[in-house]
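The shown structure was predicted, so the numbers you read here are calculated from the model rather than taken from an experiment. These values consider heavy atoms only, across backbone and side chains, with no hydrogens, waters or symmetry-generated copies.
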Number of protein chains: 2
Amino acid sequence: MEKDITIYDIARELDLSPTTISRALNDHPAVNKKTKQRISEAAAQMGYRSNLFASNLRRQRTNTIGLIVPRLDSPFHSSVIAGMEKVANEAGYNLIISQSLETLQKEIANANTMFNSRVDGLLVSLSFETETLEHFENFVSKGIPVIFYDRVAEHKECTSIVIDNLQAAYKATSHLIEQGCTNIVHITGNLKRNVYADRLKGFKYALIDHNLPFSEENVIISKMTEEAGTLAAQQILEMDPLPDGIFVSNDTCAVSCLKALKKANISIPRDIAVIGFNNDAISRVVEPNLTTINYPGQEMGEVALRVLLLQLNGSRDNVPSNTINLRSELIIRESSLKSKSNAKKKAVHL
Amino acid sequence: MEKDITIYDIARELDLSPTTISRALNDHPAVNKKTKQRISEAAAQMGYRSNLFASNLRRQRTNTIGLIVPRLDSPFHSSVIAGMEKVANEAGYNLIISQSLETLQKEIANANTMFNSRVDGLLVSLSFETETLEHFENFVSKGIPVIFYDRVAEHKECTSIVIDNLQAAYKATSHLIEQGCTNIVHITGNLKRNVYADRLKGFKYALIDHNLPFSEENVIISKMTEEAGTLAAQQILEMDPLPDGIFVSNDTCAVSCLKALKKANISIPRDIAVIGFNNDAISRVVEPNLTTINYPGQEMGEVALRVLLLQLNGSRDNVPSNTINLRSELIIRESSLKSKSNAKKKAVHL
DNA sequence: CAAATATATGAAATCGGTTTCAATAATTGC
DNA sequence: GCAATTATTGAAACCGATTTCATATATTTG
């Protein structure tokens, strides 16, 4: 446990001032090239490492970006994070990550920690419970950029990054209708969240545009977990008449629902067609393969981080627009194909 | 963008010294209760927030833990991280996360970043390519605890957290043999990594103990991805005679292999029994359901972090042991049950 | 009641870079 | 050859909290 080498040690060694050492190590133009050379050699040889705290303290920035996510153990969020880490790493930023576990209380606590850690920017995907954005006002009023992605909320100072959930749901529902479904159930999550509210809207509009009735009873609000899918299946099995199509707001829930229906001797897609959302790995494994919406997680993460970097480096008012929409697509697989003849029609880009 | 409130501002406001403010905010016993009360009220009212850099600079610690992981978008690693975040958060630590993407070069770069960020401790699961632990010597020689988990390597100063891969593989292989398999293929990853080397050993020992021949040709080394599973299936289909059992070192690869075999009209488990590793969600979705080893990701994350906290807070020599073994278990499902009569035998704890 | 102890507070140094302002040395222009 | 400009370096203040050591007051003890 030897003590750290500081720029003062290097300065003493080379008989220069700490000022020059600091400048040289930051590649400041006002330092002679040869001096720079000598200094960087000495630094390497002496095993110097910069003290980021001293630096941060003085410059008032941290090169650290905060991330608050509902759950870390979700395929979608882990691919988003993978994308974020990649871009952040390349740009020399650290990522501090915390999870709200879908509770408002933890989301607030995490936001405060991030604020005290003085992150340069914040990325957030909201919890189920969140109603207002008060706990992010600290950031906004200090000019720290906050970016919402996927589970977003309107804020005039903040950029949001989403896919067009309404349109995706509209396409999915329309596809079910084209397959001959007339009595479709929609399983979705907490309607406080845009993703679920928008998908419900898309579902509803598709029905209306195709002259089908919309009924509240055909909408099941759930936690969207594996268990929730099983429960939803039970609920569906008690419906009379049975629906002939189900549009579920994520694949985890869609798959467990599908499995439970199969166990009850329902034929998929003949009796009931099923569509999920996310294009998780399980959607390609379940039998029949699940029709779903391809959701660009990694790309969303990369875009979110790039937009944040723009706001950090560029001028503050450099924000191109308040909401960025990423492309998503309907991936048609067996679970929704009632008419086999349609099987050729592969992927519909939205 | 108002300027920050500091303890000096509070001191001036209350006509006290910064020393007292600092102590009061840290709940130091030598400050009068009433004074503390006044100070914390003033702090709240003035919107004070502690400057962690100043604090870190002075105390020479960061309350930050570094994590280097091969990939963020893996079900196993995301559950590990979820566990770590939970414990870290409760203990008031931040987690800085980066991914090596299975390359040594990025692992080194990330380790250096962590070192410069002066993390209080480091958690690592090694990349495929890593051969030596030189890039962690910085930490060790400064007394910064480094903990390896899952993909570990021997280091006399560092704790490792693993499951007993050898035993798990032994049990899995023995189970295949009990089901009547006599010609078993093992698909696994880079043997530099303990997890794969140990599983190979367990595979080999089980064969030997049951008087079955071990042949190098029955071991397929792959990247363990979805594509690798499909490729491995092709390789297997060209074998003559076909094997009657396959033990794969992860579920992703096992499932894609199983799917490819089914597509080639191989009956699972009748023609070939299949066992995976990890107990990912897909193992419960694929048909037939996949026999696999349940791998306690979340728990491993929690334990890793708790051990690290012990080393950070307790005495440096408080390390209970160099290697911590977590329990894993064989979960028997249809994909390996050649004799249906055995179906009752549910889970074998290791 | 004096001495000893406990309680409460503050002055000043410190952590290690960064930055402003000033100074000196080297170079250029006319 | 001298003024003007440019290149290079340094002294000292600063960022904001923590901590050591000292001091003043309050309380207890013999």
(message) Closer than 3.5 angstrom, by distance alone: can the side chain of Asp9(B) be matched with the main-chain N or O of Thr6(B) as a donor-acceptor pair?
(response) yes

(message) Base, sugar-phosphate or nothing for Leu16(A)? Non-hydrogen atoms, less than 4.0 Å.
(response) sugar-phosphate

(request) Report which part of the nucleic acid Thr19(B) touches: base, sugar-phosphate, or nothing (heavy-atom distance under 4.0 Å, all strands). (result) base

(request) For Phe53(B), report the nucleic acid contact type (base, sugar-phosphate, nothing); a contact means any heavy atom under 4.0 Å. (result) nothing

(request) Give the nucleotide from the list dC21(C), dT19(D), dC15(D) with an atom nearest to the side chain of Arg58(B). (result) dT19(D)

(request) Please determine if Arg71(B) and Glu102(B) form a salt bridge, counting it only when a charged side-chain N lies under 4.0 Å from a carboxylate O. (result) no

(request) Looking only at side-chain atoms of Thr6(B), point me to the closest of dG16(D), dT9(D), dC14(D). (result) dG16(D)

(message) When you measure from the centre of the six-membered ring of Phe128(B), is the NZ or CZ of Arg193(B) closer than 6.0 Å and no more than 45° off the axis?
(response) no

(request) Look at the side chain of Ala54(A) and decide which nucleotide, out of dG16(C), dT9(C), dG16(D), has an atom nearest to it. (result) dG16(C)

(request) Output the distance between atom CG (Leu126(A)) and atom CD1 (Ile68(A)), rounded to the nearest 0.5 Å. (result) 9.0 Å

(request) Provide, to the nearest angstrom, the distance between the CG atom belonging to Asp9(A) and the P atom belonging to dG16(C). (result) 9 Å

(request) Rounded off to whole Å, could you give me the CD1-to-C1' distance for the Ile7(A) and dC14(D) pair? (result) 13 Å

(message) Taking the minimum atom-to-atom distance to the side chain of Ser55(A), which one of dT9(D), dT19(D), dG17(C) wins?
(response) dG17(C)

(request) Report the distance from atom CD1 of Ile5(B) to atom CG of Asn51(B), rounding to the nearest 0.5 Å. (result) 13.0 Å

(request) Answer yes or no: side-chain N or O of Arg49(B) and base N or O of dG16(D) forming a donor-acceptor pair under 3.5 Å. (result) no

(request) Could you pick out which residue, Ala30(A) or Tyr8(A), lies toward the 5' side of DNA chain D when each is mapped onto its nearest nucleotide? (result) Ala30(A)

(message) Does dT8(D) have OP1 or OP2 under 4.0 Å away from a side-chain N or O of Asn32(A)?
(response) yes

(request) Determine: side-chain N/O of Ser22(B) to OP1/OP2 of dT18(D), distance under 4.0 Å, yes or no. (result) yes

(message) Distance check needed: dG10(D) P versus His28(A) NE2, whole Å only.
(response) 14 Å

(message) Heavy atoms only, 4.0 Å cut-off, all strands: where does Asn56(A) land among base, sugar-phosphate and nothing?
(response) nothing

(request) Decide yes or no for Ile96(A) and Ile65(A): does some side-chain heavy atom of the first lie under 4.5 Å from some side-chain heavy atom of the second? (result) no

(message) I want to check one thing: is the phosphate of dT9(C), taken as OP1 and OP2, less than 4.0 Å away from some side-chain N or O of Thr35(B)?
(response) yes

(request) Provide, to the nearest angstrom, the distance between the CD1 atom belonging to Ile21(A) and the P atom belonging to dT19(C). (result) 16 Å

(request) Starting at atom NZ of Lys36(A), determine the distance to atom P of dT9(D), rounded to an integer number of angstrom. (result) 10 Å

(message) Under 4.0 Å from OP1 or OP2 of dG16(C): is there any side-chain N or O of Gln60(B) that close?
(response) yes

(message) Please determine whether a side-chain nitrogen or oxygen atom of Thr20(B) lies at a distance below 4.0 Å from atom OP1 or OP2 of dG10(C).
(response) yes

(request) Could you tell me the separation between the NZ atom of Lys34(A) and the P atom of dT8(D), rounded to a whole number of Å? (result) 11 Å

(request) Write down the distance between CG (Leu57(B)) and P (dT18(C)), rounded to a whole number of angstrom. (result) 12 Å

(request) Determine whether any donor atom in the side chain of Arg59(A) lies under 3.5 Å from an acceptor atom in the base of dT18(C), or the reverse, and answer yes or no. (result) no

(message) Is it the case that the base of dG10(C) and the side chain of Arg23(B) share a donor-acceptor contact (distance under 3.5 Å, atom types as modelled)?
(response) yes

(message) Output the rounded distance in Å from CZ (Arg38(B)) to P (dA8(C)).
(response) 14 Å

